Asks: 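Got a structure here, written out as structure tokens. Questions coming.
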Amino acid sequence: MSDILEELSAVIGQRLRDMPEGSYTASLARKGKGYVARKVGEEAVEVVVASLAEGRERVVSETADLLYHLLVLLALEGISLDEVREELRRRMK
């Protein structure tokens, strides 16, 4: 079974390497890590607001936005999903 986060992470990595015109991922990278970090914060707040006042569908949508922006930030930091998974495994012990 394919993992969508792995697939998305691979696409993000490719876009960051190629920096194609018209790519939202590339445009985020051009604005810099600080901008992307702020987007992660913004999207996290939007998840909270959706959870408190906008219903399940909006929570799902905003969570997808948050995960995407977080994956972009991780890629810019050079952090893999495997590293995050290993940290989560370590915490489960």
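The shown structure was predicted, so the numbers you read here are calculated from the model rather than taken from an experiment. Computation of the quantities below employed the complete heavy-atom set of this structure, encompassing side-chain atoms and omitting hydrogens, waters and symmetry-equivalent molecules.
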Asks: Output all residues satisfying side chain to side chain donor-acceptor pair (under 3.5 Å) with K31, sequence neighbours left out; order by chain, then residue number.
Replies: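 For K31, no residue satisfies side chain to side chain donor-acceptor pair (under 3.5 Å) once neighbours in sequence are set aside.
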Asks: List in chain and number order the residues that pass side chain to side chain donor-acceptor pair (under 3.5 Å) with E87, two or more places apart in sequence or in another chain; answer none if no residue qualifies.
Replies: R90, R91
Asks: Tell me, which pairs form a ring-ring contact (aromatic ring centres under 6.0 Å, His included) where one or both residues lie in residues 73-93, sequence neighbours left out?
Replies: none
Asks: List, one per line, each side-chain donor-acceptor pair under 3.5 Å for residues 34-43, sequence neighbours excluded.
Replies:
from: R38; atom 1: NH1; to: G34; atom 2: O; distance (Å): 3.3
from: K39; atom 1: NZ; to: E42; atom 2: OE2; distance (Å): 3.2

Asks: Strictly by ring-ring contact (aromatic ring centres under 6.0 Å, His included), give each pair with a member in residues 54-93 just once, sequence neighbours left out.
Replies: Y24-Y68, Y24-H69
Asks: For residues 38-67, pull every pair meeting ring-ring contact (aromatic ring centres under 6.0 Å, His included), keeping only residues two or more places apart or in separate chains.
Replies: none
Asks: If you group Ile, Leu, Val, Met, Phe, Trp and Tyr whenever their side-chain heavy atoms sit less than 4.5 Å apart, what else falls in with L52?
Replies: V48
Asks: Give the other cluster members for V49, using side-chain heavy-atom distances under 4.5 Å between Ile, Leu, Val, Met, Phe, Trp and Tyr residues; answer none if it is isolated.
Replies: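 Besides V49, the hydrophobic cluster comprises V45, listed by chain and residue number.
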Asks: With sequence neighbours left out, write down each residue that passes salt bridge (Lys or Arg N to Asp or Glu O under 4.0 Å) with E86, or none if nothing qualifies.
Replies: R89
Asks: Just grab all the salt bridge (Lys or Arg N to Asp or Glu O under 4.0 Å) pairs involving residues 66-80, residues at least two apart or on different chains.
Replies: K33-E77
Asks: Should side-chain heavy atoms under 4.5 Å link Ile, Leu, Val, Met, Phe, Trp and Tyr, which residues sit in the same cluster as V60?
Replies: none
Asks: Would you say D18's side chain and P20's backbone share a donor-acceptor pair under 3.5 angstrom?
Replies: no
Asks: Please, which pairs that meet side chain to side chain donor-acceptor pair (under 3.5 Å) have at least one residue in residues 45-55, sequence neighbours excluded?
Replies: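 Matches after skipping sequence neighbours: E54-R58.
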